[in-house]
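Note that the structure is a prediction, hence the values are computed from the model and not measured. Here is how names work: the chains are called A, B, and so on, in the same order as the sequence lines, proteins then strands, and each is numbered from 1.
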Number of protein chains: 2
Amino acid sequence: MAVTLKDVAERAGVSRSAVSRTFTEGASVSDKTRRKVEKAADELGYSPNALASSLTTGRTKLIGLVSNNFHNPIFLEVFDLFTRGLQDRGLRPLLVNLSHEVDPANSVRMLRQYSVDGVIVASSTLPPSFAKAFRDAGVPVVHSFGRRASMPEVHVVGIDNQECGRMAAQTLIDRGYTRVSFLGGPERATSTQDRLIGFMDVMQGNPGMTVSHSFASEYSFDAGRAEMIRLLTSDPAEAYFCGDDVLSIGALSAVKDAGLSVPGDIGIIGLNDMEMAGWENINLTTIRQPIGEIINSSIELVVATVDKPDRTPEARLFPCRIVERGTLRPPAYPVSP
Amino acid sequence: MAVTLKDVAERAGVSRSAVSRTFTEGASVSDKTRRKVEKAADELGYSPNALASSLTTGRTKLIGLVSNNFHNPIFLEVFDLFTRGLQDRGLRPLLVNLSHEVDPANSVRMLRQYSVDGVIVASSTLPPSFAKAFRDAGVPVVHSFGRRASMPEVHVVGIDNQECGRMAAQTLIDRGYTRVSFLGGPERATSTQDRLIGFMDVMQGNPGMTVSHSFASEYSFDAGRAEMIRLLTSDPAEAYFCGDDVLSIGALSAVKDAGLSVPGDIGIIGLNDMEMAGWENINLTTIRQPIGEIINSSIELVVATVDKPDRTPEARLFPCRIVERGTLRPPAYPVSP
DNA sequence: CCCGTTTTTGCAACCGGTTGCAAAGTGGCG
DNA sequence: CGCCACTTTGCAACCGGTTGCAAAAACGGG
């Protein structure tokens, strides 16, 4: 059925090694044989079996892409960028959908069976120990959107979530809000924990503020909406920092359904700046997370780690910035730059 | 580095075949050796190399998942269902992002290099010839969300887009609209072409109607919005059948920004019933495409085709139905059921 | 034209598994 | 206990490639 090295070798009248060499970078073949081989290969429609060659070279060019969030539209953007970025470098994404699984054992075993060259864990909710399980199994791994650490145990690429919390807090203060709240994602998500820490950090330094917080059950529209509906039943805050754009959009929907106006009655600031945040019927003020840079950097780092597995784990953090749109009232008074 | 069959065999004091057999379904091994082997494997942390075994068995359990739409949120749902469905059957999705590529040659070559057992092309825009290229290369293929055909050249699973067009048309007529329009996706997308055909089909049978149509440049929010902004500049229709929910949502945003009300001034009906269509701030009346059933059926069909490559190509079509929400005015008069 | 150097080539072993086949082992039954 | 049928086991070849090594070929200089 499939045409192999041997078929090409016979047709070209050379040895199998000669054929193999014409298809491997930097191997020693004369122009004459190369032409003969290429001709034969063309005629037979031959292309080398990547899996067979991986046996001896030890490289499959497969990269495991592990994620657990298929309900947040930002992940479509994430998958788009990851798959394109990997393809551009000749790598192939092998997708793993964790759903609600939190034990890494299965994914580790599965990805080892397929001899992936490396793994990218794309999740802002999984703990560092998840990615660590790959490292312990000898699989190069990068945790994208993971928790920062000064001495990380695995490579992490993402943002400083505490800093984002502080940034959101300071923004709300600058806008003159005094009764504020953090509407986070699931309490177990590391990103939510860190954003809360940063938010509270700043708030506690400002005595005049009334501060509260609560958690949505997951990073999704429905969860954000449900939580905001609950909050609106009893003395809501003036402004909310939602732990994610998709929560913000859910919250927005609840606020508007309650007949309240944004930002007139209630202010909302999100985090991510996903595509939808810019849609004119949403127009969400948010903190932009530079996912393109995070993803490119993650790919670059995993590739580097494949070449040099003992690289000491590093944390690459990218700065975030406020994207001003229409869900927060303008500054009450001039703010120092 | 990695622990192999041989290591396990030595430690267990048996032959390599014995080890191989304990790990292959239905092979003949005594309980005694099986236990010895399992113990040794456990101690060494062995798990068989799926790629090496694929060399002899001819099965990799890899399924190529090819798509070209990473801007329509429905595809996040699609990826979620595909990856989970494949995983549940012990298969692994190898993702291919076509971006704007329309030539199948690259994907075919790449997926053959990785010896995928089968391929699922998930796209409502690519022509049947795209999937056909895989079949011609001897790779089992199913086209999900593809174009229906009475004698298809490859397996197709999806909906009858012409029928959906008719359904939308009839619905608008039943609601008493007389000036209507089809706002499609890209003109080259087969789904758009077919929906338009069905829509016109019914309209032409109703002399009282004023009908027009136009195309958005792609299936995305921005394209839908841009097209609707253009339409609003000159004598818009009373109601639009948008070729996709994400177009509808873009269109909705444009309509509302123009200070018009929905469904008061303009009615909109979409197609897909993606998660967001049900969000309370969108609340889109739409035609539900049963993507869960389509995806399960696609997986089942590709698996069956792997076992029996010469199966004659079939088209599996699933019925759609109207999901009534808030963007179309209620029936003007009683409608026969 | 000869000889030393460099390039190209094929052989054969190997990567990590599977599998047909024949030999060895096991069990049942008369 | 002996015979037969059935199960289990190991050997060796194979899957589709790669690669170290030594032989062969090509090249360059005198």
Q: Looking only at side-chain N and O atoms, does A:T33 come under 4.0 Å of OP1 or OP2 in C:dT9?
A: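 Answer is yes, contact under 4.0 Å.
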Q: When the distance from CZ of A:R112 to P of C:dG17 is rounded to whole Å, what number comes out?
A: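 Atom CZ in A:R112 sits about 11 Å away from atom P in C:dG17.
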Q: Please report the distance, rounded to the nearest Å, between CZ in B:R59 and P in D:dC15.
A: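 Rounded to whole Å, this separation is 17 Å.
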Q: Do any side-chain nitrogens or oxygens of A:T56 fall under 4.0 Å of OP1 or OP2 in C:dC14?
A: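 Result: no.
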Q: So for A:R16 and D:dG17, does any side-chain atom that can act as donor or acceptor lie under 3.5 Å from a complementary atom in the base?
A: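 Flag set: donor-acceptor pair detected.
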Q: For D:dG16, does OP1 or OP2 lie under 4.0 Å from any side-chain N or O of B:Y114?
A: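 So the side chain of B:Y114 is outside the cut-off, no N or O lying under 4.0 Å from OP1 or OP2 of D:dG16.
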Q: Tell whether A:S53 reaches the base of C:dC15 with its side chain through a donor-acceptor pair below 3.5 angstrom.
A: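 Such a pair does not exist between side chain and base.
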Q: With side-chain contact (heavy atoms from CB on, under 4.5 Å) as the test, pick out the partner of A:V116 among A:L91, A:L65, A:V141, A:V139.
A: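 When A:L91, A:L65, A:V141, A:V139 are each tested with A:V116, the side-chain contact (heavy atoms from CB on, under 4.5 Å) holds only for A:V139.
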Q: Centroid-to-centroid, A:F82 to B:F70, below 6.0 Å?
A: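 Centroid distance A:F82-B:F70: not below 6.0 Å, so no.
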Q: Does A:F23 reach a base, just sugar-phosphate, or nothing at all? Heavy atoms under 4.0 Å.
A: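 No contact.
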Q: Using heavy atoms to find the nearest nucleotide of DNA chain C for B:K32 and B:A50 separately, return the residue whose nucleotide is more 5′.
A: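 The 5'-side residue here is B:A50.
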Q: When you check the side-chain N and O atoms of B:N69 and B:S123, is any donor under 3.5 Å from an acceptor?
A: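 Judged by distance alone, the side chains do not pair up.
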Q: Side chains of A:D117 and A:T60: any donor to acceptor distance under 3.5 Å?
A: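 Note: A:T60 and A:D117 side chains meet the donor-acceptor criterion.
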Q: Between the base of C:dG20 and the side chain of B:R21, is there any donor-acceptor pair under 3.5 Å?
A: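 Indeed, a donor on one side and an acceptor on the other fall under 3.5 Å apart.
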Q: Take the protein atom CG of A:L55 and the nucleotide atom C1' of D:dT19, then report the distance between them rounded to whole Å.
A: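 It works out to 14 Å between those atoms.
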Q: Base of C:dC11, side chain of A:S15 - is there a donor-acceptor contact under 3.5 Å?
A: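 Counting by modelled atom types and ignoring angles, no donor-acceptor contact under 3.5 Å is found here.
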Q: Regarding B:S30, tell me which of base, sugar-phosphate or nothing describes its non-hydrogen contacts under 4.0 Å with the strands shown.
A: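 Sugar-phosphate: the residue B:S30, judged by heavy atoms under 4.0 Å, touches backbone atoms but no base.
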Q: Any base atoms under 4.0 Å from B:T4, or only sugar-phosphate, or nothing? Heavy atoms, all strands.
A: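 The residue B:T4 makes sugar-phosphate contact but no base contact.
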Q: Could you check how far CG of B:L51 sits from P of C:dT18, rounded to whole Å?
A: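 Whole-Å distance recorded here is 12 Å.
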Q: Under 4.0 Å, counting only non-hydrogen atoms across every strand here, what does A:S54 touch: a base, just sugar-phosphate, or nothing?
A: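 Nothing, no nucleic acid heavy atom in range.
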Q: Does B:V29 reach a base, just sugar-phosphate, or nothing at all? Heavy atoms under 4.0 Å.
A: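 Here B:V29 touches the backbone only, sparing every base.
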Q: Would A:D136 and A:K132 pass as an ion pair if we require N to O under 4.0 Å?
A: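 Salt bridge flag = yes for A:K132 with A:D136.
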Q: Take atom CG of B:D31 and atom C1' of D:dT9, then tell me their distance rounded to the nearest Å.
A: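 Answer to the nearest Å: 15 Å.
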Q: Which part of the nucleic acid does A:S28 contact within heavy-atom distance under 4.0 Å: base, sugar-phosphate only, or nothing?
A: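 Touches a base.
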Q: Rounded to whole Å, how long is the line connecting atom CG of B:D7 with atom P of C:dG17?
A: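 Between P of C:dG17 and CG of B:D7: 9 Å.
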